[in-house]
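For reference, the structure discussed in these notes is given below.
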Amino acid sequence: MGSDSSNTVKEVKSVQSLREATVLFAGDSGDGMQLTGSQFTLATAFAHNDLSTLPDFPAEIRAPAGTTYGVSGYQLHFGSVSVRTPGDEVDLLVAMNPAALKVNLSRVRSGGAIVINENAFKPHNLKLAGYGDVNPLDNEELLRGYQVFKVELSRMTEEALKDHNLDKKVIDRSKNMFALGLALWLYSRPIEPALDWLAQKFSSRPELIKANQHVLKKGFHYGETTEDFIVQYQIPPAELEPGVYRAIRGVESLALGLVAASTKSKLPLFYSSYPITPASDLLHNLSRHKNFGVKTFQAEDEIAAIGATIGASFGGCLGVCATSGPGLTLKAEGIGLAVMMELPMVIVNVQRGGPSTGLPTKTEQSDLLQAMYGRNGEAPLPIIAASTPGDCFHAAYEACRVAVRHMTPVILLADGYVANGSEPWRIPSSKDLKDFHVPFANKPNRKVEGKDTFLPYLRNEDTLARPWAKPGTPGLEHRLGGLEKEHETGSVSYDPENHQFMTTLRANKVKKVAQILPPLDVYGDTEGDLVIIGWGSTQGAIRTAVDRLRDGGLKAGAVQLRNINPLPSDLGSVLSRFDHYLVPELNMGQLVRILRDRFLLPFVKLSKVQGQPFKASEIVDAAILHCKQSS
Amino acid sequence: MGSDSSNTVKEVKSVQSLREATVLFAGDSGDGMQLTGSQFTLATAFAHNDLSTLPDFPAEIRAPAGTTYGVSGYQLHFGSVSVRTPGDEVDLLVAMNPAALKVNLSRVRSGGAIVINENAFKPHNLKLAGYGDVNPLDNEELLRGYQVFKVELSRMTEEALKDHNLDKKVIDRSKNMFALGLALWLYSRPIEPALDWLAQKFSSRPELIKANQHVLKKGFHYGETTEDFIVQYQIPPAELEPGVYRAIRGVESLALGLVAASTKSKLPLFYSSYPITPASDLLHNLSRHKNFGVKTFQAEDEIAAIGATIGASFGGCLGVCATSGPGLTLKAEGIGLAVMMELPMVIVNVQRGGPSTGLPTKTEQSDLLQAMYGRNGEAPLPIIAASTPGDCFHAAYEACRVAVRHMTPVILLADGYVANGSEPWRIPSSKDLKDFHVPFANKPNRKVEGKDTFLPYLRNEDTLARPWAKPGTPGLEHRLGGLEKEHETGSVSYDPENHQFMTTLRANKVKKVAQILPPLDVYGDTEGDLVIIGWGSTQGAIRTAVDRLRDGGLKAGAVQLRNINPLPSDLGSVLSRFDHYLVPELNMGQLVRILRDRFLLPFVKLSKVQGQPFKASEIVDAAILHCKQSS
Amino acid sequence: MPTLPPSKKPTLPPGLGSRRLSPSKPKIDRKAYSSDQDVRWCPGCGDYAILASVQRLMPQLDVKRENVVFISGIGCSSRFPYYMETYGMHSIHGRAPTVATGLKASRPELDVWVVTGDGDALSIGGNHLIHILRRNVNLQILLFNNQIYGLTKGQFSPTSEIGKVTKSSPFGSVSPPFNPISISLGASASFVARTADRDTKHLTQILRRAHAHQGSSFIEIYQNCNIYNDGAFFAFTEKATKPERTIYLEHGKPMLFSNGSKGIRLAGFSPVVFDLEEGHLSSEDAIVYDETSLELAEIVSRMSQQPDMPRPFGVFYREERPTYEQMLQEQVMAVTEKRGQGDLDKLLHAADTWTIS
Amino acid sequence: MPTLPPSKKPTLPPGLGSRRLSPSKPKIDRKAYSSDQDVRWCPGCGDYAILASVQRLMPQLDVKRENVVFISGIGCSSRFPYYMETYGMHSIHGRAPTVATGLKASRPELDVWVVTGDGDALSIGGNHLIHILRRNVNLQILLFNNQIYGLTKGQFSPTSEIGKVTKSSPFGSVSPPFNPISISLGASASFVARTADRDTKHLTQILRRAHAHQGSSFIEIYQNCNIYNDGAFFAFTEKATKPERTIYLEHGKPMLFSNGSKGIRLAGFSPVVFDLEEGHLSSEDAIVYDETSLELAEIVSRMSQQPDMPRPFGVFYREERPTYEQMLQEQVMAVTEKRGQGDLDKLLHAADTWTIS
Ligand SMILES: Cc1ncc(C[n+]2csc(CCOP(=O)(O)OP(=O)(O)O)c2C)c(N)n1
Ligand SMILES: Cc1ncc(C[n+]2csc(CCOP(=O)(O)OP(=O)(O)O)c2C)c(N)n1
Ligand code: SF4
Ligand code: SF4
Ligand SMILES: [Mg+2]
Ligand SMILES: [Mg+2]
């Protein structure tokens with residue numbers, strides 16, 4: 001880094017060590033906040049902190065500049081301790097314009113720091129943000145209790161680049177690098193990863209590498225030199241399990257899990273999808289992995305996507321498709337067909353705010369009951385949920401395994417939060433992944449009247465799976481379809497007893513999945529006052545809440561359900577060891593219905609539908625309230 | 001009737017009076033069994049009996065003659081007492097061929113009568129029916145315990161028509177009239193309605209009127225004259241409430257209910273549908289009522305049908321569409337949009353056997369949870385179920401009223417059994433139908449900054465309905481859509497609190513429907529040992545079972561839920577008066593899940609998925625077993 | 001050179017000069033048609049120009065604002081209804097034609113406009129599009145074709161060219177595109193036209209004619225998505241290349257382009273370009289465009305797939321045939337006339353009845 | 001009379017005389033392709049003849065039985081796969097093309113046939129049909145057109161004529177029909193043909209040619225539903241009327257019918273009938289059919305909508321272009337070649353990593 005080295009900082013500024021911190025970058029959609037956030041994340045990962053992120057962007061592609069609905073934010077929580085949520089409260093807000101301040105001020109903890117791009121606080125922007133004629137920077141009342149740093153971000157960026165011979169637009173766009181540099185300095189993060197990344201990103205345009213790197217360093221140096229900032233923070237490395245790590249986003253992790261399942265099972269991955277937020281990135285990701293034999297198919301709609309998945313799976317491939325809520329409705333009929341034909345495949349649903357088009361870029365967990373029951377007739381299937389960005393890998397892998405083992409479609413539930421969020425991820429070794437047995441049928445399986453015959457619905461007694469015979473296998477020609485099938489032969493049957501039998505059998509097959517589930521992992525106390533039951537992306541907030549509750553003296557535990565259908569068989573005995581049951585969900589209460597029905601226990605729901613994940617404090621409060629009320 | 005008069009019969013044969021009887025006509029799809037059954041029904045209705053029917057036909061249009069899967073049946077239960085099911089056991093089976101005997105023999109009660117068309121028991125037919133080389137008519141073992149009447153139906157029909165100069169096929173096709181005549185005689189029914197009907201049906205072909213009437217009478221006389229039949233039965237009129245009656249099929253009744261709602265509300269009925277068994281008949285029915293201003297639209301698929309319904313409803317019409325299970329999956333996304341836009345409409349789902357294409361011509365109740373939850377996001381809506389063919393009228397009327405009152409889509413659940421079945425129906429008078437208030441908005445509803453403004457999401461506090469402003473109304477121009485709406489203004493809003501508020505509000509609006517529900521009608525005992533909770537078409541079997549249980553000394557009651565969402569508010573207090581709870585459903589247990597979740601009581605399910613309605617005896621047995629086990 | 005068959009002589013197409021149709025209209029200006037919602041498209045998006053043209057056109061048409069309804073699906077383009085101070089619906093992806101059909105069939109007096117994108121109309125909504133066209137529901141369908149999925153941030157669409165590199169096709173798309181004009185002609189559309197966002201005069205003229213047409217009017221509008229597919233149509237809209245690369249179809253006029261220096265004639269069944277300046281052939285040799293000839297429309301529509309051909313704009317085809325809602329309404333009236341207005345009590349009793357007292 | 005452009009001179013279309021392509025095939029007979037399921041169509045249904053023709057044709061084709069897959073939707077016609085002793089799927093209504101696309105894209109070596117009805121393919125399934133055609137997935141699509149919904153007992157379909165009285169249109173349908181040939185041409189199908197159940201020789205010949213074609217082959221098969229729409233096509237299939245009412249398209253041959261006594265020529269852009277026996281015009285004046293001309297195919301396809309025209313049968317259009325699965329496969333291979341076969345562990349580490357020990 002030559003003479004720009006920042007190694008001298010610590011001598012002039014006081015350095016304060018923290019266990020954890022939460023930073024939020026917020027600005028216009030066009031301000032590059034998502035990039036800024038991810039670069040800060042990378043630097044933080046390199047500093048060996050644990051971390052969790054929450055990107056949050058508007059539904060519009062480029063909402064008009066300056067408006068509150070055009071604000072894009074990236075929140076990052078990191079620490080030397082285990083970090084599981086993007087942070088309940090913000091320690092540092094970087095606000096690039098008035099709208100960003102307006103939208104996010106309430107998230108900053110009292111005493112927290114706010115870095116403000118002073119140059120953006122002009123009358124026009126103030127009006128757009130709804131501040132009217134009064135500049136909030138002049139409003140002491142409003143900003144009382146915060147440490148406010150007004151920085152002339154835009155102007156200093158211009159200054160820095162005045163000799164770079166770049167057009168005004170380009171210059172203005174680099175101001176996020178100033179903010180990044182400053183933030184990196186504030187938390188004593190290395191700037192090398194960001195410098196490298198810039199070099200790569202603009203490899204074809206050296207002038208932009210130079211300019212952006214220059215601004216980045218200027219930001220860093222600004223922190224170092226200006227007297228505004230008297231404290232610099234340092235967050236020591238977290239104690240993470242030994243291993244090789246990378247930062248990973250949920251969608252990437254999902255994609256890798258699918259590729260891993262395909263590689264280990266030697267089943268070619270056929271992925272079909274119709275773009276929909278927030279699932280599209282999975283399509284983007286997988287379409288790059290063609291050299292793993294992955295074929296991606298952008299279908300004309302979600303119905304075609306599930307149809308193609310069924311076709312590929314009939315053909316002996318690992319058929320996978322992904323969508324979000326509205327798309328899942330359209331796949332319902334096809335999934336029902338797959339249930340009837342008993343073909344293995346994985347349907348990923350990256351949930352978003354509903355109903356209808358709802359809040360397409362916001363997170364929610366409100367498709368659980370749709371996943372369970374959103375098909376005509378009795379059409380049960382296994383449901384698996386991913387709890388963290390890194391866990392998406394394992395959940396995806398597991399979904400594929402279950403699908404193939406039991407010859408059934410599996411729904412894998414993720415949500416916008418887990419898919420877009422990122423965390424440090426210990427990279428597994430391919431050889432440590434569970435093996436995958438794919439027993440394609442290759443010969444007749446029954447003598448009927450002396451003739452070798454293939455019965456496509458003969459069962460494996462253990463898994464209740466029927467055989468998978470792929471076209472191209474001589475002698476196993478057979479026909480599948482959506483009409484009720486006769487036991488074993490698979491012929492069309494309208495026989496009343498057969499229908500009852502097959503309906504029960506299909507239900508039992510799904511129940512069989514519980515056989516291979518590992519014992520439940522109860523976080524915190526394994527018996528006591530309160531158990532919190534969650535599923536999917538709420539894991540971080542729930543575990544943090546359990547820590548706090550235990551710190552407060554409650555005997556509290558938590559169970560995060562990876563498998564929602566079937567429920568793990570030891571769930572009942574875990575529950576029996578607690579007095580109270582709290583079920584926090586980002587919906588109006590869905591898992592809680594399943595649990596109440598199953599166990600007839602007074603589970604209490606905690607609902608949130610605000611397009612945002614839980615704060616740990618919300619769960620803590622609800623838990624305390626509930627335990628108090630009922631005792 | 002001239003010299004053919006049958007008034008002399010009673011003198012020569014012994015006449016036995018019965019309280020009730022069950023007759024089953026069974027033959028090839030081409031044998032006209034459905035017609036025979038409905039004519040017998042009509043005659044029975046004219047004899048003022050109460051009755052209930054169960055038509056049962058194959059999925060194929062014309063399955064190959066003589067096979068068991070080609071058997072078409074029509075079962076009819078009638079009596080001087082209240083009749084609520086098509087009968088658990090058959091007293092008289094008319095079997096037109098070996099396959100019909102094979103399929104239905106087990107339904108005949110021991111001691112029951114079987115009239116067999118002897119001429120059809122030829123080697124070819126026997127083989128097709130799976131009897132191999134042995135004629136069951138020669139198999140004493142098989143037919144022991146039944147009164148068997150072998151009748152040369154085919155031959156006698158030929159004889160009767162030999163001078164009529166008709167071709168062989170036409171002659172053969174009239175043999176069902178012989179069977180009908182004989183059956184009418186056996187139960188002392190009048191033959192005039194059938195004679196009139198023939199005259200009408202063949203009005204353009206007098207030779208067929210003559211021939212069929214002739215054969216019908218021959219059948220009647222055959223009973224009278226042959227010595228085979230020594231007893232004739234008589235079933236005295238039932239004590240029905242005074243009024244004007246007609247026999248009505250469920251689909252007809254549905255159609256009339258919709259037309260009635262349209263007439264009373266003065267909302268033009270716009271009905272769109274894509275044909276699907278067993279809902280298509282509703283389209284066929286309504287498309288005849290154009291002079292009521294009814295417009296029917298056969299859409300390109302179910303998605304288009306719900307879309308057109310939404311369009312019509314936006315336009316201020318009574319939008320209705322109907323489908324069956326697989327079609328409901330396809331409507332899910334559209335229904336979610338209607339929930340978000342809060343437009344009134346009725347979606348009729350005539351359930352059939354699932355999953356997937358399943359058993360399209362058989363009955364099942366397995367779409368309840370789909371109706372509840374089969375949409376993305378939190379999208380609650382009212383669900384109403386029809387319990388008998390005649391009740392379809394009232395359920396349809398009520399569904400329309402609720403939809404308009406609360407500005408919400410409503411799902412009306414029927415099933416193949418209730419839609420195809422028929423019963424005597426007391427015709428309501430149009431003036432006795434509940435009034436229908438349709439408050440179209442016609443002026444601005446809020447002053448905003450001094451300006452008259454129309455807020456499309458301002459609420460009626462009582463119903464929580466928003467105003468319905470139809471295009472064409474000056475000054476109320478507004479936009480609807482599937483994105484989350486801001487309270488009152490209806491503008492697009494991504495605000496977290498607003499989303500929580502609106503989600504809760506939509507849920508509360510549906511709950512408000514409970515306000516206008518009449519107190520629950522508890523059948524049988526209103527407190528005691530056991531309450532049976534059912535919904536939809538199981539009503540008849542459940543009530544019959546309750547009668548029998550009470551005869552057996554149990555204090556038993558029954559509640560048939562017309563409203564499943566929201567549940568009636570007095571259900572809890574009804575339940576509290578009983579010790580045991582049984583929930584019979586034609587599915588694997590769906591209502592029972594809702595009830596267990598809601599009341600945390602040990603409801604016990606009774607599941608049947610055989611494409612057939614419950615027999616009362618199945619419910620009686622389960623009830624006794626359950627009460628025994630738990631005491 | 002083929003001549004027009006006698007029965008199909010050019011007539012003044014409806015909608016041309018529609019101002020004359022309503023000479024005394026009071027001046028309502030564009031603002032009356034602008035809603036209070038902030039327009040949220042990206043700065044520079046082609047959608048703005050289309051919106052402005054529509055808002056300016058509406059007051060000139062012979063309709064009351066309260067009778068106007070805009071219905072859209074999902075996509076950037078489908079935000080359109082929010083910005084129009086008329087009745088409107090932003091429905092679900094691909095289904096706008098179904099909603100519009102239900103609305104128009106039940107309320108024929110309304111003036112209904114469908115706004116849709118290339119993904120909305122031709123990917124997920126392809127079926128509804130061809131069905132509304134065959135039924136000939138009387139409304140206008142504005143397909144904003146930007147050859148990309150805008151709202152979902154840049155995947156290839158059913159009109160994207162083969163080989164297109166996008167987020168979902170990093171090595172190039174392998175799906176050949178639809179030709180929207182050919183599809184709609186194949187589906188028996190009764191009015192088929194193409195125009196572009198940047199040529200607001202032509203756009204307005206085409207919209208006016210579409211509005212005057214009785215039946216489904218299908219208008220493909222080339223629209224620039226400056227974020228994900230910038231410049232896709234610049235060859236046809238920018239001054240430098242436009243004369244060479246476009247040809248404007250005008251009923252009864254010879255098919256000429258390049259400022260009249262080139263023409264299109266038929267060789268066999270295929271259109272070919274000829275140069276008037278070479279002197280062998282004159283404008284007499286050019287095809288005289290006949291917008292009532294379905295065969296000619298189909299021939300000309302295929303020029304869009306040939307890179308060496310100028311791209312045709314204007315009205316490809318127009319046919320007068322009964323509208324769906326008109327036939328439906330007539331049937332209702334005919335049945336009512338024959339049977340009399342329905343009487344509910346009579347209907348309830350319309351079966352064999354008996355009385356129990 | 002227009003002449004063929006030089007580049008499009010007739011060539012021997014593939015599939016004609018395919019027996020010669022595989023001269024030494026062992027005789028497997030039709031039975032090997034009959035499954036053990038009872039055929040459950042109504043006696044007299046046109047589906048039987050098509051089934052028999054397909055079962056007879058299969059052994060003559062150069063494919064192994066285990067590589068053959070029949071995929072259908074829902075409808076009477078869609079029961080077809082149950083009766084073929086091959087792999088098969090009776091999927092859901094309208095979606096067979098999607099299943100077939102997934103299967104064929106992932107297993108290009110299979111020989112896939114789609115069987116569908118007019119309701120299945122053109123009503124609920126219209127979108128998938130046009131998309132599979134544009135993508136040009138290499139398979140055969142057999143559309144059994146009986147102009148009615150058979151399985152649901154007789155409602156009008158998207159190919160039923162206007163005014164048709166059915167259960168759902170007691171006063172006559174008000175929906176104009178699709179022309180399946182035009183729709184498929186509009187959707188850029190690469191092989192489009194029409195034949196009929198009762199002409200098993202022609203049917204077989206067309207199926208053979210479709211099979212030989214590389215790409216999506218669309219075959220409309222007129223099929224008699226003797227229960228709900230008996231005789232819909234008798235004018236084209238019965239001896240008395242067939243010569244007058246049909247014309248068989250043959251590549252490179254003049255368009256003649258009525259036993260050679262009448263011909264079709266072009267007037268303007270429209271086809272017209274002329275009488276050879278009147279002596280003014282000879283067979284030289286008839287259009288020489290060119291199945292490689294899209295423009296001609298479209299012109300001729302419109303004859304089906306004109307009641308005074310003979311109905312065209314045969315191959316309307318054929319074009320060679322890459323298949324979807326071939327392009328997809330080539331892309332996979334190219335990327336693999338460039339990057340090497342994927343290594344999972346490398347991929348998992350393909351990011352900025354750090355080690356904690
Ligand atoms: C059922 C469903 N599937 C997918 C989506 C996601 N989606 C929204 S708009 C869109 C495509 C937009 O492309 P286009 O119609 O061309 O409109 P543009 O944004 O380009 O104007 C998609 C795939 C959705 N909203 N609903
Ligand atoms: C989603 C769905 N909607 C409707 C149906 C009912 N349905 C089955 S087949 C069919 C139409 C059959 O017509 P066609 O495709 O022409 O086949 P055909 O029976 O005439 O051969 C319909 C509407 C269904 N099975 N699934
Ligand atoms: S993404 Fe493209 S189409 Fe969408 S608003 Fe932006 S520029 Fe317009
Ligand atoms: S209904 Fe028609 S199409 Fe269906 S099997 Fe019978 S004859 Fe064939
Ligand atoms: Mg687009
Ligand atoms: Mg058909």
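Chain letters run A, B, ... following the sequence lines, proteins first and then strands; every chain starts at 1. All values reported here derive from a predicted model rather than from experimental measurement.
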Sort [X] into side chain, backbone, both or neither according to what part of it lies under 4.5 angstrom from a heavy atom of chain C.
| X | answer |
| --- | --- |
| B:Met341 | side chain |
| B:Leu240 | both |
| B:Ala45 | both |
| B:Thr473 | both |
| B:Pro268 | neither |
| B:Thr296 | backbone |
| B:Asp196 | neither |
| B:Trp197 | neither |
| B:Ser430 | both |
| B:Ile306 | neither |
| B:Tyr245 | both |
| B:Glu252 | neither |
| B:Ile303 | both |

Using non-hydrogen atoms only, which part of [X] is less than 4.5 Å away from chain B: side chain, backbone, both, or neither?
| X | result |
| --- | --- |
| C:Ala105 | both |
| C:Asp343 | backbone |
| C:Ser357 | backbone |
| C:Met84 | backbone |
| C:Gln37 | side chain |
| C:Arg65 | both |
| C:Arg134 | neither |

Just by modelled atom types, is the [Y] backbone N or O under 3.5 Å from a matching donor or acceptor in the [X] side chain?
| X | Y | answer |
| --- | --- | --- |
| B:Arg466 | B:Leu455 | no |
| C:Asp38 | C:Arg40 | no |
| C:Lys104 | C:Pro108 | yes |
| B:Asn49 | B:Leu51 | no |
| C:Asn67 | C:Leu110 | no |
| C:Trp113 | C:Leu142 | no |
| C:Asp120 | C:Ile74 | yes |

Contact winner vs chain B - [options], heavy-atom pairs under 4.5 Å:
| options | value |
| --- | --- |
| C:Gly94, C:Ala96, C:Pro81, C:Ser72 | C:Pro81 |
| C:Gln329, C:Arg95, C:Arg339, C:His128 | C:His128 |
| C:Leu347, C:Thr355, C:Asn127, C:Val69 | C:Leu347 |
| C:Lys338, C:Gln341, C:His90 | C:His90 |

Can you tell whether the side chains of C:Glu109 and C:Lys64 come within less than 4.0 Å, N to carboxylate O? no

What I want to find out is whether B:Glu342 reaches B:Lys485 closely enough, with some N-O distance under 4.0 Å, to be called a salt bridge. no

To check you understand the geometry: which heavy-atom pair defines the closest contact between B:Phe454 and B:Ala441, and what is its length?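 Heavy atoms only, the tightest pair is CE1-CB, 3.9 Å.
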
Could you tell me which non-hydrogen atom of C:Val137 sits nearest to which non-hydrogen atom of C:Tyr324, and how far apart they are? CG2-CB, 4.0 Å

Using a cut-off of 6.0 Å, state whether more than 12 heavy atoms not belonging to C:Glu337 lie near its atom CD. no

Should C:Tyr83 and C:Phe70 count as side-chain neighbours, where that means a heavy-atom distance under 4.5 Å? no

Any heavy-atom pair between the side chains of C:Gln331 and B:Lys290 that's under 4.5 Å?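 Result yes, sub-4.5 Å side-chain heavy-atom pair found.
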
Greatest number of heavy atom pairs closer than 4.5 Å to chain C - which of [options]:
| options | answer |
| --- | --- |
| B:Ile248, B:Val294, B:Thr309, B:Leu42 | B:Leu42 |
| B:Gly481, B:Pro474, B:Pro424, B:Gly482 | B:Pro474 |
| B:Pro471, B:Ala304, B:Gly311, B:Gly472 | B:Pro471 |
| B:Ala469, B:Ala312, B:Pro237 | B:Ala312 |
| B:Val259, B:Leu256, B:Leu480, B:Leu483 | B:Leu480 |

Are side-chain N/O atoms of C:Asp111 and C:His211 paired as donor and acceptor at under 3.5 Å? yes

Do the ring planes of C:Tyr87 and B:His478 sit parallel (below 30°), tilted (30 to 60°) or perpendicular (above 60°)? perpendicular

For the pair B:Tyr397 and B:Phe393, name the ring-plane relationship: parallel under 30°, tilted 30 to 60°, perpendicular over 60°. parallel

